[in-house]
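Have a look at the structure below, then the notes.
Chain letters run A, B, ... following the sequence lines, proteins first and then strands; every chain starts at 1. Both backbone and side-chain heavy atoms feed into the values below; hydrogens, waters and symmetry mates do not.
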Amino acid sequence: MRVALTTGEAIELPLGATVAEAIKALCPGKVRKTSVAAQVDGRAVDLSTPLAEGAVIEPIAIDSQEGLSILRHSAAHIMAQAVRELFGAEVQVAIGPAVEDGFYYDFDKQESFSSDDFPVIEARMQAIVERDLPFVRQEVAKSEAIAMFKAHGQRYKVELLEAIEAETVSLYRQGEFVDLCRGPHLPSTGWLKAFSLIKVAGAYWRGDEKKAMLQRLYGTAFPDAKALKAHLHALEEAKRRDHRKLGRELELFAISDQVGPGLILWQPKGAQLRKILEDYWKEEHYRHDYELLYTPQIARRDLWRTSGHLDFYVDDMFSPMEVDEVSYQIKPMNCPFHIAIYQTRKRSYREFPIRWCELGTVYRYERTGALHGLMRVRGFTQDDAHIFCLPGQLEEEILNILELNLHILKAFGFADYKVYLSTRPEKYVGSDQNWQRATEALKLALTKKGLPFEIDPGEGVFYGPKIDIKIRDVLGRFWQCSTIQVDFNLPERFAITYTGEDGEEHQPIMIHRALMGSLERFFGVLIEHYAGAFPNWLAPVQARVMNISDAQLDFSKDVYLQLKKAGIRIEKDLRNEKLNYKIRQAQLLKIPFMLIIGDKEVEERKVTVRLRDGQNLQALSIPELIEMIKLESRIPVAD
RNA sequence: GCUCACGUAGCUCAGUAGGUAGAGCACUUCCUUGGUAAGGAAGAGGUCACCGGUUCGAUUCCGGUCGUGAGCUCCA
């Protein structure tokens, strides 16, 4: 029979030849050695799969994304086998897929795992690897598989099987361990070269919080030890950059039990940085033809009844308070206030588009388990805006928003995005026609902007379709910040109108959008992105004056005052300490410019500058110094 | 909210097999006046998260509450 590679090369092989044999015959040594499975006629299969006449093969390399996922999936099976061997057959195994950076397997076991168990499990996994057991695929009738797992007492597998519609299912066996699995897998356990268990945590059976809590063991695996080491190093690096740790060390923000969980206290350094962010944001919004609003923190609860938020989100809102026998509510959203401003007078189509923005602080009751540093909080400030426009202006407005959005993100060095377009969910308001038109407008705008996007079917909010943008930080992690949402609900519920060209009243289209999302969260992302070493334009302290001894006190104070007057964010460290010590402390605080003053500098009326990276500049006069720092602290301009 | 773990000085952590606690850094004072990542000495600082129980006695054991962490679930 004749089989071919997707590249076109073909060969004659005896009937019943396997994928492995075909790859051996057709591919150079390197491909042969790194192929763990293959796409055959578009389907991922094991190397041991027999081929049919005319099969077209594309080898899957172990270091490709798909290959890695096969490797990790196999590692999950090996881990499950190790756990079963170690802890006995009464351990129930649930599911064990490959995930983003590794794999996990869920177990139901009386006693809980702890990280102390990891070395033992890893050692047993290593033993299984050394046994080099082949992964053997077997297709059986569903009923047969159910009977087998029942006999083994594996009720989770039985439950999974019962949910499968197909009559035939595939099992994978390595040694004594059999698992229900679609495959493909590595040829044998010996292929697992580098793996590590990472953590253990609870996880609900089938992700349902009403169902049993299982124990999830996370691990990761790589084709070689070097790649594993690099990954573990990256995890360390992420830990080193943890915004909660840096926030405390750099005195940026704090969270106090006394105040309450999920409520952020912005310390002076953090507040300074926030001010820079806010000023920049306002400036850019002014330039992009937005008008700024301020609205209250609370409003009558009825406002939220009208808006519909109460119906959908009452469990996520703080409890109401009584004021003069009227129920008030702390705001979880800014939009109803903007609508109230819209309603202050009659509106004409000639005013459109109306672009209103606000740094609006909102409070939402997040479940305790969801809280996390600055990333998930109960009180936060949205960089919110609402745009009221005509249906025909929708696409252009989306385009404007995208343009401002990317412009702002780029200033922080975020130039890599994942863009999602979320379409109509099952539960929704608004006409099908409106949904379709709005979704088309979003799509068109994204296409015009040249932004590749993925469709997230059914993930839109009940009131309209949306675009979400995730930004990629320097560690390659993605963070959801920007969101652009069309809203058919609020204009309807508040019955807002404008007078059209025809003299009739019409309903405007409303767009909600946030670029940074929440200032708290964005701040957290920035801390991790920059590892606390903020660029000069954002650094809460740009420079610190350090004298060598008391002899330079006067000049040092003079330098401090002059820079302060020039608007440089400056501090002084004139303590009776050694220079080494002062430099070390400034370095740990990641201050960009260290201004060093000794006798030589006093004599020349100049300052020696040490940069954060250890580099020394030539001595500068005070005016030169001010100019240099200002020049180095310009806001980065995005294309 | 759920599962598991954790909560000792401002920070990082040690400790007590039940007899009211200790280090380093930071802080204060003194000595030192020193040129690019920690000079020396002394001092101050803790109701061992909170509430209850067991006990002659609890920071230590048990229960609850609050908070934190990892994950699950959720995120207008």
Side-chain angles (χ1 to χ4, degrees), chain A residues 99 104 106 108 111-116 198-218 239 242 244-245 248-249 251 254-262 304 307-317 331-336 362 364-373 375-378 380 382 384 425 460-464 466 480 483 485 487 489-490 512 514 517-518 521 546-553 575-589 594-601 608-612 614-616:
Chain A
V99 289
Y104 67 79
D106 286 347
D108 189 353
E111 285 174 23
S112 51
F113 286 113
S114 84
S115 49
D116 297 340
I198 302 287
K199 60 194 163 200
V200 56
Y204 300 110
W205 168 232
R206 315 206 100 184
D208 184 340
E209 60 185 316
K210 291 186 190 68
K211 294 208 163 91
M213 178 65 77
L214 306 174
Q215 297 187 62
R216 178 169 295 178
L217 284 177
Y218 283 90
K239 220 167 153 185
D242 190 313
R244 294 164 299 182
K245 181 172 176 283
R248 190 169 46 237
E249 288 172 1
E251 303 192 311
I255 299 170
S256 152
D257 285 10
Q258 197 182 187
V259 174
W304 311 103
S307 72
H309 289 114
L310 222 40
D311 297 341
F312 276 83
Y313 303 111
V314 70
D315 292 340
D316 305 309
M317 285 158 66
K331 68 171 166 182
M333 289 287 268
N334 302 304
C335 20
V362 298
R364 296 179 185 175
Y365 172 77
E366 298 283 355
R367 299 159 92 183
T368 50
L371 300 173
H372 179 90
M375 303 303 189
R376 194 71 183 274
V377 293
R378 285 186 174 158
F380 58 97
Q382 292 182 311
D384 212 353
V461 204
F462 72 92
Y463 51 67
K466 63 169 180 174
Q480 152 95 57
T483 184
Q485 312 179 341
D487 188 340
N489 182 50
L490 288 182
H512 308 250
S518 103
R521 188 183 152 77
M546 302 171 214
N547 58 339
I548 287 171
S549 76
D550 291 348
Q552 306 91 33
L553 267 179
R575 294 173 301 172
N576 176 11
E577 295 289 353
K578 290 202 165 195
L579 183 62
N580 273 345
Y581 181 73
K582 294 185 184 183
I583 286 183
R584 177 183 155 78
Q585 293 207 327
Q587 198 74 48
L588 290 174
L589 293 173
M594 289 166 238
L595 312 180
I596 293 163
I597 297 171
D599 286 337
K600 201 174 71 181
E601 285 79 6
T608 299
V609 181
R610 178 195 157 104
L611 303 179
R612 214 158 23 177
Q615 205 189 139
N616 263 321

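You'll find the side chain of A:Met213 stays beyond 4.5 Å of the side chain of A:Asp106, heavy atoms only. By the 4.5 Å heavy-atom criterion applied to side chains, A:Gln552 and A:Asp599 are counted as neighbours. Counting only heavy atoms from C-beta outward, the side chains of A:Arg612 and A:Gln587 approach each other to under 4.5 Å.
For A:Gly614 and A:Asp550, each mapped to the nucleotide of RNA chain B holding its nearest heavy atom, the one lying further toward the 5' end belongs to A:Asp550.
Rounded to the nearest Å, the gap between the P atom of B:G53 and that of B:G15 is 30 Å. Taking atom C1' on both nucleotides, B:G19 is separated from B:C13 by 24 Å, rounded to a whole Å. Rounded to whole Å, the C1' atom of B:U59 lies 14 Å from the corresponding atom of B:A9. Across B:G40 and B:A26, the matching P atoms stand 10 Å from one another, rounded to whole Å. Spacing of P atoms, B:G63 relative to B:U54, comes out at 15 Å, to the nearest Å. Comparing B:G57 with B:U12, their P atoms sit 35 Å apart, to the nearest whole Å. A distance of about 11 Å separates the P atoms of B:U16 and B:C61, rounded to the whole Å. B:C11 and B:C31: their C1' atoms are spaced 27 Å apart (whole Å).
Checking B:U33, B:U36, B:A38 against the side-chain heavy atoms of A:Thr608 singles out B:U36 as nearest.
Both the sub-6.0 Å distance and the 45° axial angle are not jointly satisfied by A:Lys211 relative to the ring of A:Tyr204.
Using a 30° and 60° split on the angle between ring planes, A:Phe462 and A:Tyr313 fall in the tilted class, from 30° to 60°.
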Exercise. Along nucleotides 71-76 of chain B, 5' to 3', which nucleotides get a B, which get an S, and which get a -, given that the test is a protein heavy-atom distance under 4.0 Å?
Worked result: BBBBBB

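In terms of polar N and O atoms assigned as donor or acceptor, the side chain of A:Asn616 comes within less than 3.5 Å of the base of B:U36 in a complementary pairing.
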Under-3.5 Å N/O pairs linking protein and nucleotides 12-15 of chain B:
{"residue": "B:U12", "atom": "OP1", "partner": "A:Arg248", "partner atom": "NH2", "Å": "2.9"}

Show each protein N/O and nucleotides 5-7 of chain B N/O combination with a separation under 3.5 Å, one pair to a line.
none

Could you list all N or O pairs between the protein and nucleotides 42-46 of chain B that sit under 3.5 Å apart?
none

Exercise. So what's the dot-bracket for RNA chain B: Watson-Crick or G-U pairs under 3.5 Å, [ ] if a pair crosses, | if it pairs off-strand?
Worked result: (((((((..((((.....[..)))).(((((.......))))).....(((((..]....))))))))))))....

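Residue contacts for A:Arg575: at a heavy-atom cut-off of 4.0 Å it reaches the sugar-phosphate backbone alone, with no base atom in range. Contact annotation for A:Glu111: no contact, since no heavy-atom pair falls under 4.0 Å across all strands. Using a 4.0 Å heavy-atom criterion, one finds that A:Arg244 contacts the sugar-phosphate atoms exclusively. Counting any heavy atom pair closer than 4.0 Å across all strands shown, A:Lys600 reaches a base atom.
Taking side-chain N and O atoms only, A:Ser549 has no distance below 4.0 Å to OP1 or OP2 of B:G34.
Ion pairing of A:Arg244 with A:Asp242 is present here, as a side-chain N (NZ or NE/NH1/NH2) and a carboxylate O approach within less than 4.0 Å.
Straight-line distance from the CD atom of A:Gln215 to the C1' atom of B:A70: 13 Å, rounded to whole Å.
The side chain to side chain contact (heavy atoms under 4.5 Å, CB included) check on A:Arg367 picks up A:Glu209, with sequence neighbours excluded.
Side-chain atoms of A:Arg521 and A:Gln480 include no donor-acceptor pair closer than 3.5 Å.
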